[in-house]
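Source: prediction; values computed, not measured. Lettering of chains follows the sequences in order, A, B, ..., and the numbering in each one begins at 1.
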Amino acid sequence: MQFAYMDSPRLYNGVRLIDRPSPENVRRLDLGALPMVNEMNGRGIYLDCEELECLSIEIRDRLEGLEDEIDGMAGQRINPESSQQVAPLVFHELALHPPGGIKFTKTGKESTVDDVLSTIQDLHPIVPMILEHRGLVKILGTYSDKMPLLVDEYSRVHTTFSAVTTSTGRLASSDPNVQNIPVRSVWGKRVRDAFRSTPIEVLREMTPGYHGPPTTLSAIDLSQIEMVWAAHLSQDPIMMGIFDRGDDIHTRTALAMMRLPESVCCCRGKNPDHDVTGHGCPVWNEFKIKYRLPSKTLGFGILYGVTPKGLVLQIAAAGGPSWSMDEAEEFIAKWFGVYTGVESWVQDQYARARRYGMVWCAFGRVRYIPEVRSMLRGVVNAGLRQAGNQPVTASAQGTIKLAMAQVMDELVAEYQAYNDVICWPLLQIHDELLFELSTNIAEEFSQKVHDVMVSATPLSVPVRAGIETGELWGDLK
DNA sequence: AAAATCTGCCAC
DNA sequence: AAACGTGGCAGATTTT
Ligand SMILES: Nc1nc2c(ncn2[C@H]2C[C@H](O)[C@@H](COP(=O)(O)OP(=O)(O)OP(=O)(O)O)O2)c(=O)[nH]1
Ligand SMILES: [Mn+2]
């Protein structure tokens, strides 16, 4: 005899989609992901230290030149890393005025954060040099100088993934953090290029008796995963329609931001001349970097409660068009006007936070939101934004954690049992899994991982994922 | 001199 | 940055 209500079907390890707080369910979910987490922590990823040492030398060289030029223009010795030296120089001695006015840090000092400086970088050549200096020091200090100090005897970097650190069910990576290896800047990408598949001679050293082929890296990345979950959770028909058609929401946002007609992005496959969304299109790569990337930030920003003021500053910092607050407000309203179901779902989360002092994700992972009881509006609003964010982010983590469990138990176990086959889970980067694989099994294994990832959580819309394979991590894009 | 804080920036 | 969210880390500055 069945009960009258529908139990949600059990997914891998008996985990369920369940719309109420459920610590038992979350426990199953998290414990299931641990075997792969442990495997990753123990295995490490090969790092080409010589490559990074060369990079460090080049960066130091560039830094010296920059420092000379900066000092020359400033007319004094100045440390570009010291915001307390940079602020008086650019805002007062050089009298450069940000369009949005000088901003202040919470302790009342003049802020020289990138977002502000980039709005005045055309006013004086010293500004872009300060910004470049900061970027290079960051890469040098955090990555190219530091990482080689952390490798083991086989030149592998072992991070520590923690599953009990975040309030959203994400993993955290530390010592070193491998979830923020640069990828967006030209210099930064060279850091990522130093993470690569193990040279065959090192492989044989690590794995005596290995007679298989060399290895390659393979990354499987969930597509627009939080937007997909937002569509599923809210059941918004427009957003669901986008994913049902296999469309790309970040690209659509980009086109809207550029104020191009809908027809441009709806003509996919029909009018190749104007179809900037087609991957075969020669302008696609440029489009992706110049417009799709900022549109990701824009779309997630709106979904997670960006204010008109915040949006204006965000667009300006990205070097985009100069919008008024009214225009930003209108864009946000228009976005929620299109995805009305998402707007009401977000409002439901706010109401839930206010009533219960907590929200929960589709797996029953709870986040307490005590901020809603504060007397301070700013604190309350921050709490409400967290309330809108956690259910989406935590649900998306459910998808990848289930995949990690199933891939480890079923696929990695199988392939590691074969002779002369390397099948190593290396890293998890929130919605992406990185493996090192013998080249002869790379394609079929990656395809199987892909299939597990996209079917781990059956949603109202298709979950998609991309596979990229290559020797260098930096090549997987 | 070491510890704590502030500010800034890398990624998803 | 006062107000998209989640993290970790480093250099400068301040406190102990
Ligand atoms: N709130 C917020 N979340 C972000 C931001 N950037 C990334 N995320 C979250 C949401 C994404 O779904 C998830 C994975 O990041 P990705 O860079 O892979 O973006 P996404 O998967 O949406 O697009 P993709 O098709 O992979 O290019 O991380 C951001 O700027 N703000
Ligand atoms: Mn992704």
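Comparing B:dC6, C:dT6, B:dC12 by their closest approach to the side chain of A:Thr107 singles out B:dC6. Out of C:dT6, B:dC9, C:dT13, the shortest distance to the side chain of A:Ser82 is found at C:dT13. Out of B:dC10, C:dG5, C:dT14, the shortest distance to the side chain of A:Pro182 is found at B:dC10. Taking every side-chain heavy atom of A:Tyr143 into account, B:dC10 is the closest of C:dC4, B:dC10, B:dC12. Side-chain atoms of A:Asn177 lie closest to C:dG7 of the nucleotides C:dA10, C:dT13, C:dG7. If you check C:dG7, C:dT6, B:dC9 against the side chain of A:Lys138, the one that comes closest is B:dC9. If you check B:dC10, C:dC4, C:dG11 against the side chain of A:Glu81, the one that comes closest is C:dG11. The listed nucleotides are B:dT7, B:dA11, C:dG8; the one nearest the side chain of A:Lys106 is B:dT7. For A:Arg385, counting side-chain heavy atoms from C-beta on, the closest listed nucleotide (C:dG11, C:dA3, C:dC9) is C:dA3. Here the side chain of A:Gln84 is nearest to one of C:dT13, C:dG8, B:dC6, namely C:dT13.
Using a 4.0 Å heavy-atom criterion, one finds that A:Lys309 contacts no nucleic acid atom at all. Within 4.0 Å (heavy atoms only), A:Arg134 reaches sugar-phosphate atoms of the nucleic acid but no base atom. Across all strands, A:Thr393 comes closer than 4.0 Å to no nucleic acid atom at all (heavy-atom distances). Using a 4.0 Å heavy-atom distance criterion, A:Asn381 is classed as making no nucleic acid contact. Heavy atoms of A:Val116 sit under 4.0 angstrom from at least one base atom. Residue-level contact check: A:Val183 touches the backbone only, with heavy atoms under 4.0 Å from sugar-phosphate atoms and none from bases. As judged by a 4.0 angstrom heavy-atom cut-off over every strand, A:Ala382 is placed among residues making no nucleic acid contact. Residue A:Leu313 is in base contact, counting any heavy-atom pair closer than 4.0 Å across all strands shown. Using a 4.0 Å heavy-atom criterion, one finds that A:Ser173 contacts the sugar-phosphate atoms exclusively. Residue A:Lys146 is in sugar-phosphate contact alone, with no base atom involved, counting any heavy-atom pair closer than 4.0 Å across all strands shown.
Residues A:Phe331 and A:Trp335 keep their aromatic ring centres 6.0 Å or farther apart.
The gap from the P atom of C:dT6 to that of C:dA1 amounts to 14 Å, rounded to the nearest Å.
Considering A:Arg367, A:Gln390, A:Gln386 as possible partners of A:Ser167, the one that fulfils the side chain to side chain contact (heavy atoms under 4.5 Å, CB included) test is A:Arg367.
Proximity of A:Ser111 to the phosphate of B:dG8: a side-chain N or O atom is located under 4.0 Å from OP1 or OP2. Taking 4.0 angstrom as the limit, A:Ser167 places a side-chain polar atom (N or O) nearer than this to OP1 or OP2 of C:dG7. The side chain of A:Thr112 contributes an N or O atom lying less than 4.0 Å from OP1 or OP2 of B:dG8.
Under 4.0 Å is where a charged nitrogen must lie from a carboxylate oxygen, and between A:Lys189 and A:Asp193 at least one such pair does. Checked for salt-bridge contact, A:Asp247 and A:Arg252 meet the test: a charged N lies under 4.0 Å from a carboxylate O.
In this structure, A:Phe300 and A:Tyr304 have parallel ring planes: the angle between them is below the 30° cut-off, well short of the 60° mark.
Side-chain N/O atoms of A:Thr399 and A:Trp229 include a donor and acceptor closer than 3.5 Å.
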